[in-house]
Protein chains: 2
Amino acid sequence: MEQLIRYVQQVLPLSPAKATALVARFKPVVFEKNSYLLQAGQICNTYYFIETGILRAYAYDLEGNEVTTAFFSENSFASDLLSFFQREPSREYIQALSDCRTWALSYDDMQENFHSLPEFREFGRLKIVASYGQLKGRMLSMLQETAEERYAGLLKNSPGLFRQVPLKYIASYLGITDSTLSRLRKASVKK
Amino acid sequence: MEQLIRYVQQVLPLSPAKATALVARFKPVVFEKNSYLLQAGQICNTYYFIETGILRAYAYDLEGNEVTTAFFSENSFASDLLSFFQREPSREYIQALSDCRTWALSYDDMQENFHSLPEFREFGRLKIVASYGQLKGRMLSMLQETAEERYAGLLKNSPGLFRQVPLKYIASYLGITDSTLSRLRKASVKK
DNA sequence: CGCATTTCTTGCCTTTTGTCAAGTGGAATT
DNA sequence: AATTCCACTTGACAAAAGGCAAGAAATGCG
């Protein structure tokens, strides 16, 4: 739990008392490797802080292929923000790729926090704007970079990912096939 | 101004009095065709409601090519949300593609509204979640659809766009070159 | 350990998209 | 009316990425 408190304070500097109050409603939940935190069709009702472990979110395209939409690693939040805030059924699955320890905050508890703690409103706004920013950066990289540049960028920013998750998931996250990713890797070794 | 009030009430049902108070701080601003509402390097300080006209946002990639990141049309808001809320320099330009009539809300006035009107907080949260949702949908379409499918989708959802803006901007918005877009159009006529 | 499953790589070939340059047509400008 | 500019199209070729299938390597499991 200290880890979560530290994380919150790093996003939004707060007194220890405030920070503790802010995270008080989070409850510990563990997930086994390959289990699901969320399934398509459900309304995402929980906002998870990942203490240990790694997860991915994915959806299916029209031909039935899995498309990895996000990875979530330690010290970050996992959720389908859209389903969570708009209270609508998710189109995604969130799956644990390893055993995970998390802290879970329900939608109702988040609303309570919003009402009782002005700081939490600020925290919430910061987090969603940050998520928007991340998504925008990724969108831009899809529009203006080649697959090779996107691969190089991800390798640079998240080298750990390549040690933790199967390449085929990374490939679909980058918007390419696993064959193409394999070839890009081969080509980049030569350089 | 009635148009803006109607728009607000459609996003968030409110009494006429509340809605009027909510939009009271917006000020009318007009832009000539080809003028800029925002330039890269500036901190986006205004949130614009577009009453009439059409605009685009664009950035430059590493080779110096323009990449259109968004279109804004009548009855919607134009802004660089990231720069606006994070108070950091924008990397984008927002340009009027036609003469535009807008209602402008400054960052400070928005903060005032946040403090004095709880409904406005709700409105703000709804709008940013909606923007996040749009961006996510577009991201997904980049990951899982072919250029041809993206073109067909945009044509279906925003047919007006093709009558109002040069195809080259639409091409870079779709993540393809104008040559490719021209060929896709030719091919889709045959069907 | 040995077998089964999954992950990853690779070759061959096709499809998609890009690049470059030329050319057309229309709108704006002088 | 002539000129310039811009948007769009098109052809020829090149590069990037995908589809499919075979096989190698790694992993999981009884």
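Keep in mind the model is a prediction, meaning the values are calculated, not measured. Just so we're on the same page: letters track the sequence lines, and every chain starts at 1.
Between the CG atom of A/Leu97 and the C1' atom of C/dT6 there is a distance of 14 Å, given to the nearest Å. What separates CZ of B/Phe162 from C1' of D/dC8 is a distance of 14 Å, to the nearest Å. Atoms CD (B/Gln164) and P (D/dA7) sit 16 Å apart, rounded to a whole Å. When rounded to the nearest whole Å, the span between OH of B/Tyr151 and C1' of C/dT16 equals 17 Å. Atom CZ of A/Arg163 is separated from atom C1' of D/dA26 by 18 Å (rounded to the nearest Å). Taking atom NZ of A/Lys186 as the reference point, atom C1' of C/dT9 lies 8 Å away to the nearest angstrom. Separating the NZ atom of A/Lys33 from the C1' atom of D/dC29 is a distance of 13 Å, rounded to the nearest angstrom. With rounding to whole Å, A/Leu167 atom CG is found 10 Å from C/dT7 atom P.
You'll find that the side chain of B/Lys168 is closest to D/dC8, out of D/dT9, C/dT10, D/dC8.
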Report summary line: Once base and sugar-phosphate atoms are separated, protein heavy atoms under 4.0 Å mark nucleotides 13-20 of chain D, 5' to 3', with B, S and - as ----SBBB

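Atom NZ of A/Lys127 is surrounded by more than 12 heavy atoms from other residues, nucleotides or ligands within 6.0 Å. Taking a 6.0 Å sphere around CD of B/Glu2, one finds it holds 12 or fewer heavy atoms contributed by other residues, nucleotides or ligands.
The two residues A/Tyr60 and A/Gly64 make their nearest non-hydrogen contact at CD2-O, 3.4 Å. When all heavy atoms of B/Asp61 and B/Val67 are compared, the pair lying nearest together is CB-CG2, 4.1 Å.
The side-chain tip of A/Arg185 does not point at the ring of A/Tyr151 from less than 6.0 angstrom away and within 45° of straight on. Annotation: cation-pi geometry satisfied between B/Arg138 and B/Tyr173 (NZ/CZ under 6.0 angstrom from ring centroid, within 45° of ring axis).
Contact check, A/Arg185 against C/dC8: no side-chain N or O comes under 4.0 Å of OP1 or OP2.
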